[in-house]
Amino acid sequence: MTSFDVDLFVIGGGSGGVRAARIAAGYGAKVMLAEEYRVGGTCVIRGCVPKKLMVYASRFADEFHDAQGFGWSVGETRFDWATLIRNKDREIDRLEGIYRTNLEKAGVEIVDSRAVIADAHTVHVLKTGARIRARTILVAVGAHPTLEPVIPGGELGITSNEVFHLEQQPKRILVVGGGYIAVEFAGVFAGLGSEVTLLHRGDMLLRGFDDDVRIALGEAYAQRGINLALGRTLTSLEKTPGGIAATLSDGSILTVDQVLVATGRRPNTKGLGLENAGIAVDEVGAIPVDGYSQTLIPSIYAVGDVTNRANLTPIAIREGHAFADTVFGNKPTIVDHDLIPTAVFSTPEIGVIGCGEAAARAIYGEIDVYKTAFRPMKATLSGGKDRVFMKLIVDKATDKVVGVHIMGHDAGEMIQLAGIAVTMGATKADFDRTVAVHPTAAEELVTMRTPVVVKKPQAVG
């Protein structure tokens, strides 16, 4: 009979791996977890958490401005980058300590080392040379940002890893990309007073989002002084006495102090030893898995960004929990990746769940669209220029709300609660009979009564 050192060996101490380890240990499994960098993973150490802290910092300029309209004399203000980074680092250290403590309390043994797969049941710990036999192996190593596409001088750029550790705030920064990370950091640096250019090859930001939201964000960013360089790409970077000279595809040259490349991420599967167990990755380096996060090798599972399904921290956590329930809790669980509430922490903020208008028409055919845009109450005295935008997509046949799109202050908070209703299958009638909370921006979600008239394309022929 084959003997094992542990029931579960988790490679990766990020959100998915930590949750899986704790839940499995709670079911009585003997668990070992290896992390080569810092426990907490991308989200806690170099992603969602430090980014949100920086987002908060960037919004105080608006708060100081708005206060004057309400009778406050704020006086001269000054931002200190070093203080923000120092305080941010202290908070990340605190959170990592909590993650470690929670794992230890659950009975999980933490190994501070890189670990690679030797075969279907063996993990090689590089720091000590130990070879651990595991009944089950979980790969939860996440993904990393890339400097892609490769261009001359591309090494002068930085990624979302390095941006958290800049010694000085760049006075001029070029942000390359049009997704979550690019949009969020463009807003952060603009709010902190940097001169920001946001370069994106498409004609609108946030591909995959509803077009009305994409248009509204572009307008809001332009109004905030962000230079939107759309429909262009970066062709080269060169170090000059004045900074970094960035040449764009239209031949124009922009000189900046930093170039943040946020064009994509790749799964961390290189050198992981997957081939030793007979696992082949796909074209982007992701590990193929089934609905239960199991690979073609029965003893090896994978969760989170390394599988390239829905690359969001809450999804990695849900997948990790579902894996532990399935394998160690005798509760087979499949994670639904079709209906996911999400937020973009731009300024103004965006919250979304479900389909955009174009996707809803393709899926459901006949739909009703409700939308509104208005100046928030706070802006009536502050003079703030940001507007709130809301949009509901309803399937005509069932009256179900199949899409909610919000842009404005606290959109992320609103979409979490709206997400409960949509996940439960709420109809427009359910929204309509919900009493509005007045005066709030969120009340508009339950007071929109008349669908917009959409002109249908005329037949040709």
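Computed from heavy atoms alone, side chains included, the values below leave out hydrogens, waters and symmetry copies. Keep in mind it's a predicted model, so treat the numbers as computed, not measured.
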[X] and [Y]: side-chain donor and acceptor closer than 3.5 Å?
| X | Y | value |
| --- | --- | --- |
| Arg309 | Ser293 | yes |
| Thr146 | Arg266 | no |
| Tyr180 | Thr342 | yes |

Does a salt bridge link [X] with [Y], judged by any charged N lying under 4.0 Å from a carboxylate O?
| X | Y | answer |
| --- | --- | --- |
| Lys88 | Glu91 | no |
| Lys171 | Asp257 | no |
| Glu357 | Lys371 | no |
| Asp211 | Arg214 | yes |
| Arg318 | Asp325 | no |

Is it true that atom [atom1] of [X] has more than 12 heavy atoms of other residues, nucleotides or ligands lying nearer than 6.0 Å?
| X | atom1 | value |
| --- | --- | --- |
| Leu417 | CG | yes |
| Lys400 | NZ | no |
| Gln294 | CD | yes |

Testing the basics here: between [X] and [Y], what is the closest heavy-atom pair and its distance to 0.1 Å?
| X | Y | value |
| --- | --- | --- |
| Pro50 | Cys43 | CD-O, 3.6 Å |
| Ala67 | Val74 | CB-CG2, 3.8 Å |
| Ala245 | Ile253 | CB-CG2, 4.1 Å |
| Leu339 | Gly354 | CD1-CA, 3.9 Å |
| Leu138 | Ala20 | CD2-CB, 3.3 Å |
| Val306 | Ala302 | CG1-CB, 4.1 Å |

Inter-residue atom distance [X].[atom1] - [Y].[atom2], 0.5 Å rounding:
| X | Y | atom1 | atom2 | value |
| --- | --- | --- | --- | --- |
| Cys48 | Glu184 | SG | CD | 8.5 Å |
| Thr263 | Arg201 | OG1 | CZ | 8.5 Å |
| Asp305 | Asn311 | CG | CG | 4.0 Å |
| Leu260 | Leu147 | CG | CG | 9.5 Å |
| Ile85 | Met54 | CD1 | CE | 4.5 Å |
| Glu96 | Arg38 | CD | CZ | 4.5 Å |

Between [X] (side chain only) and [Y] (backbone N and O only), is there a donor and an acceptor less than 3.5 Å apart?
| X | Y | value |
| --- | --- | --- |
| Asp368 | Val394 | no |
| Ser15 | Ala316 | no |
| Thr326 | Ala322 | yes |
| Gln169 | Leu192 | yes |

Given side chains that start at C-beta, do those of [X] and [Y] come closer than 4.5 Å, heavy atoms only?
| X | Y | answer |
| --- | --- | --- |
| Ile353 | Thr423 | yes |
| Val139 | Thr307 | no |
| Asp212 | His405 | no |
| Phe189 | Val163 | yes |

| task | Please find out if less than 6.0 Å separates the ring center of Tyr56 from that of Phe345. | result |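 Judged by ring-centre distance (under 6.0 Å), Tyr56 and Phe345 do not meet the cut-off.
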| task | Using the six-membered ring wherever Trp is involved, compare the ring planes of Phe185 and Phe164 and label them parallel, tilted or perpendicular (cut-offs 30° and 60°). | result |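 Ring orientation of Phe185 relative to Phe164: perpendicular.
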| Ring geometry between Trp81 and Phe79 (parallel below 30°, tilted from 30 to 60°, perpendicular above 60°) |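 Rings of Phe79 and Trp81: perpendicular, over 60°.
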| query | Picking from Lys385, His409, Arg224, what satisfies side-chain hydrogen bond (donor to acceptor under 3.5 Å, both in side chains) with Asp62? | reply |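 For Asp62, the side-chain hydrogen bond (donor to acceptor under 3.5 Å, both in side chains) test succeeds with only one of Lys385, His409, Arg224, which is Arg224.
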